[in-house]
Amino acid sequence: MKNLMIKIGLTGGILTLGAILVAAQGGAPSTSVPEAAEGLNLYAVAETFTDSGDLEKFEKALNSPENGINNLDLNNDGAVDFVRVTEQLKDDTHLIVLQTPLGDEDFQDVAMIAIEREAGDKYNLQIQGDATIYGAEYYVVPANNNFSAWNVVRSIFRSGYRAYVSPFDYRTRPRWWNVRRPVALSVYRSRTGIFAGRRNFVTSKTVTVKTINKINYRPRASVLLTKKNKITRTVTTNKPRNPPQTQTTVKQNTQPRPNPRAGGNRRGKN
């Protein structure tokens, strides 16, 4: 009996010490809310892009709750971030930027879609994940070059086309947008894993759009994201006849976690 009481006392002491350590670190880490790259599967982004008629429709499909493609919560405020789409172009080269507005003048680029037309119906395309989130040299590219018939490609290369710039920002959101919480990581992986299985896109570390330097774009980086306690980087490889494999590394720093922004949904004109 005496030995049992000693064991109970030691167990209680260990649990108490663990609780103190967790409290000192700002609370227990959440395992139900994905971070950074785990919140936006670039295979799903690529497939959504191919199915869109133009960039305005792509932006809506990307953020649609029904599609469930976007599960980002970069500022860790418990709400899915809106991903806006903006475009720059030079001659036959288009750069489509996916970014989240985390403040009035605070933006974080998430990924960039670059497309060039070499000649006739021959195009090159690459989707590059932002290095802060996905790690360096992480590209998702088509498994073949037969994408000249995609409606979105035909749309942006039509005569007289003007670059699309999203009218939405931190304070202005579309009427169809609803504030919602991210789903659990296991749910999101199950929901989006099918896109990698279609084998329409593969990962690469090679730049395929040769004229991307024509567009002098400076990526936007959010102060909120760079100050987070940790950033999860995910790299997915697509190997024939095998399911996608995911490797995750965690980068830690000693800077304090920023306070989440306050306020609810701000709606603007659609």
Side-chain angles (χ1 to χ4, degrees), residues 34-72 80-81 83 85 87 94-98 109-118 121-130 133-135 137-157 164 182-209 212 232-248:
E35 293 196 39
E38 291 284 12
L40 191 68
N41 185 313
L42 291 191
Y43 280 99
V45 171
E47 294 287 353
T48 302
F49 182 75
T50 66
D51 292 338
S52 301
D54 54 40
L55 293 186
E56 183 179 5
K57 293 177 181 177
F58 171 57
E59 183 179 56
K60 184 172 183 178
L62 191 64
N63 290 285
S64 168
E66 290 76 17
N67 293 341
I69 304 301
N70 176 18
N71 201 43
L72 285 171
V80 172
D81 302 320
V83 177
V85 175
E87 181 187 21
H94 294 248
L95 181 66
I96 302 159
V97 181
L98 280 56
D109 287 358
V110 180
M112 294 186 294
I113 304 174
I115 312 175
E116 67 180 358
R117 176 163 55 190
E118 286 191 309
D121 287 337
K122 184 178 181 182
Y123 299 86
N124 294 317
L125 181 149
Q126 66 188 32
I127 301 177
Q128 180 182 5
D130 183 81
I133 299 174
Y134 296 89
E137 298 179 338
Y138 179 52
Y139 299 90
V140 172
V141 299
N144 59 67
N145 274 352
N146 187 23
F147 53 85
S148 60
W150 295 352
N151 288 334
V152 66
V153 173
R154 297 174 65 180
S155 169
I156 66 176
F157 282 97
Y164 176 78
V183 299
L185 180 55
S186 59
V187 174
Y188 182 72
R189 285 176 173 171
S190 176
R191 175 190 296 169
T192 59
I194 186 175
F195 293 105
R198 292 180 182 177
R199 306 300 182 191
N200 293 326
F201 293 86
V202 295
T203 54
S204 173
K205 290 189 176 183
T206 304
V207 175
T208 59
V209 177
I212 187 63
T232 303
R233 294 177 176 177
T234 300
V235 176
T236 304
T237 57
N238 194 4
K239 297 181 179 180
R241 300 183 181 180
N242 288 319
Q245 299 177 350
T246 300
Q247 298 177 342
T248 302

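No side-chain donor-acceptor contact under 3.5 Å links Glu116 to the backbone of Val209. Asn71 contributes no side-chain N or O that, together with a main-chain N or O of Pro182, makes up a donor-acceptor pair within less than 3.5 Å. Formation of a donor-acceptor pair under 3.5 Å by the Tyr138 side chain with backbone atoms of Ser204 is not found in this model. Distance alone, capped at 3.5 Å, places no donor-acceptor pair between the Ser148 side chain and the Lys122 backbone. No donor-acceptor distance shorter than 3.5 angstrom exists from the side chain of Ser155 to the backbone of Asn151, with no hydrogens or angles considered. Judged by distance alone, the side chain of Ser64 and the main-chain N or O of Lys60 form no donor-acceptor pair under 3.5 Å. Without hydrogens or angle criteria, Ser190 side chain to Val187 main chain gives no donor-acceptor distance under 3.5 Å.
Thr208 places none of its side-chain heavy atoms less than 4.5 Å from the side chain of Tyr139. With contacts defined as side-chain heavy-atom distances shorter than 4.5 Å, the pair Leu62/Glu59 does not qualify. Phe58 has its side chain out of reach of Tyr164: every pair of non-hydrogen atoms, C-beta onward, lies at least 4.5 Å apart. Residues Ile212 and Met112 fail the side-chain proximity criterion, which asks for heavy atoms closer than 4.5 Å. Considering only heavy atoms from C-beta on, Val140 stays 4.5 Å or farther from Tyr134 through its side chain. Considering only heavy atoms from C-beta on, Phe49 comes within 4.5 Å of Ile115 through its side chain.
The only member of Ile96, Val85, Leu55 that meets side-chain contact (heavy atoms from CB on, under 4.5 Å) when paired with Ile113 is Ile96.
Closest of all the heavy-atom pairs between Ala143 and Val202 is CB-CG1, 4.5 Å. Residues Tyr188 and Gly68 share a closest heavy-atom pair of CE1-O, 3.4 Å. Nearest heavy atoms, Glu137 versus Lys205: O-CG, 3.3 Å. A pairwise comparison of heavy atoms in Leu185 and Glu38 identifies CD1-OE1, 3.5 Å as the closest pair. Heavy atoms only, all atoms of each residue included: Ile133 and Val110 are closest at CD1-CA, 4.2 Å. Smallest separation of non-hydrogen atoms from Asn67 and Arg191: O-CD, 4.1 Å.
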- Message: Would Thr50 and Asn200 count as a side chain to side chain contact (heavy atoms under 4.5 Å, CB included) here? Give the steps.
- Response: CA-CA 10 Å; Thr50 66; Asn200 293 326; over 6 Å; no
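Aromatic ring centres of Phe201 and Tyr43 lie farther apart than the 6.0 Å criterion allows.
Counting heavy atoms of neighbouring residues, nucleotides and ligands inside a 6.0 Å radius, atom CZ of Arg154 does not exceed 12 of them.
Atom CG in Leu40 sits 9.0 Å away from atom OG1 in Thr192 (nearest 0.5 Å). With rounding to the nearest 0.5 angstrom, the CG atom of Asn41 is 9.5 Å from the OG1 atom of Thr48. To the nearest 0.5 Å, atoms CG (Asn124) and CZ (Arg117) are separated by 12.5 Å. Within the model, atoms CG of Asp51 and NZ of Lys57 stand 12.5 Å from one another, a figure rounded to the nearest 0.5 Å.
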